[in-house]
J.: 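Before we start, here is the structure in question, set down as structure tokens.
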Amino acid sequence: LDMTCEFDYKYDTTIVIFGRGSAEVLSYNNAATIRMVFSSPNFDTHPPDSLTVESCEPKLSIDDMNFRGGIVAFILDMIESRLRNTLENVMEETICQELDSMATTNVAAILTLLGNKLSEYPANIEIDSLAAEKALVVPPGTTLIDFGGKDTKWANSALEEAISYLGADAKDHNGLRESDMNINILLRNNILQDGAFVVNISDLPFVQDGKLWEGHDRLTQTAITLNSVRLL
């Protein structure tokens, strides 16, 4: 999380000294860890339908503060190190509030959308895996290959060998793990983009332009944008 915060301030003392100014706070390479708990009536039959944010642990540090507004701004620039802890605490609290709001609104909306989509498909339906074969109409003069016959045992053997090879563990020199199944290694090295399955957020119907949330309060203006998701 990179943040640029701008705010205005004013001062008024008992000795008829008053004025106003503005300030800019720069903060880079921050992070926040959020623990979300998903709930469902029964995870075996129903997708998650709600969530709660259990904890938020922000890690934020201010890199620079710039004050503008006369002699008072000069003084504040001189003592900015003493102000950093106070502003960091306020900004950390704001970050967690915004992320909590984003999770309980945007993520909840995604859960509702997925739940509605899945509800269109009937549950506990019996599927005939041979339905296509039973409905097949063989044109006259066409001879089909019987993979269960004596002459095609080699095909079954080759298929079994292929399944055994693809499911076997092997050293993964380019992956995140020391070893993985051959099928995963082949996909990462030959099909996937840079070894990952990339989902462009702009292709998803429930996120417009990848912008998850945007808003501002008296202290900060925040925009959270998600460009893509990489599944490794």
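Every heavy atom of this structure was used, including side-chain atoms; hydrogens, water molecules and symmetry mates were not.
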J.: May I ask you to decide if K171's main-chain N or O and S179's side chain share a donor-acceptor pair within less than 3.5 Å?
T.: no
J.: Any idea which heavy atoms bring D63 and Y28 closest together, and the distance?
T.: OD2-N, 2.7 Å
J.: To the nearest 0.5 Å, what is the distance between CG on L99 and CD1 on I34?
T.: 4.0 Å
J.: Measuring only between side-chain heavy atoms, which start at C-beta, is V25 closer than 4.5 Å to M91?
T.: yes
J.: Work out which heavy atom in D49 is nearest to a heavy atom in S40; give both atom names and the distance.
T.: OD1-CA, 3.9 Å
J.: Supply the atom-to-atom distance L87 CG to T94 OG1, rounded to the nearest 0.5 angstrom.
T.: 10.0 Å
J.: Compare every heavy atom of L166 with every heavy atom of M181, then report the nearest pair and how far apart it is.
T.: CB-O, 3.7 Å
J.: Enter the distance from I183:CD1 to R188:CZ here, rounded to the nearest 0.5 Å.
T.: 10.5 Å
J.: Which atom names give the shortest non-hydrogen contact between A32 and I95, and what distance separates them?
T.: CB-CG2, 4.4 Å
J.: Mind running side-chain contact (heavy atoms from CB on, under 4.5 Å) on R84 and M65 for me, showing each step along the way?
T.: CA-CA 8 Å; R84 289 192 179 191; M65 298 175 62; 3.6 Å; yes
J.: Say you draw a straight line from CG of N182 to CG of D169; how long is it, rounded to the nearest 0.5 Å?
T.: 8.0 Å
J.: To the nearest 0.5 Å, what is the distance between SG on C96 and CD on E98?
T.: 10.5 Å
J.: In the structure I gave you, are the side-chain heavy atoms of E133 and L130 within less than 4.5 Å of one another anywhere?
T.: yes
J.: Judged by atom type as modelled, is there a donor-acceptor pair below 3.5 Å linking the side chain of N189 to the main-chain atoms of I185?
T.: yes
J.: Return the minimal non-hydrogen interatomic distance between N30 and L60, and the atom names on each side.
T.: OD1-CA, 3.3 Å
J.: Any carboxylate oxygen within less than 4.0 angstrom of a Lys/Arg side-chain nitrogen, looking at K134 and D128?
T.: yes
J.: Hey, mind stepping through E24 and T4 against side-chain contact (heavy atoms from CB on, under 4.5 Å) and telling me if it holds?
T.: CA-CA 7 Å; E24 181 184 51; T4 301; 3.9 Å; yes
J.: Do the side chains of Y165 and L187 join up, straight or via other hydrophobic residues, at under 4.5 Å, putting them in one cluster?
T.: yes
J.: Is any side-chain heavy atom of R68 less than 4.5 Å from a side-chain heavy atom of S22?
T.: yes
J.: Looking only at heavy atoms, which two atoms of E88 and I62 are closest? And how far apart?
T.: OE2-N, 3.0 Å
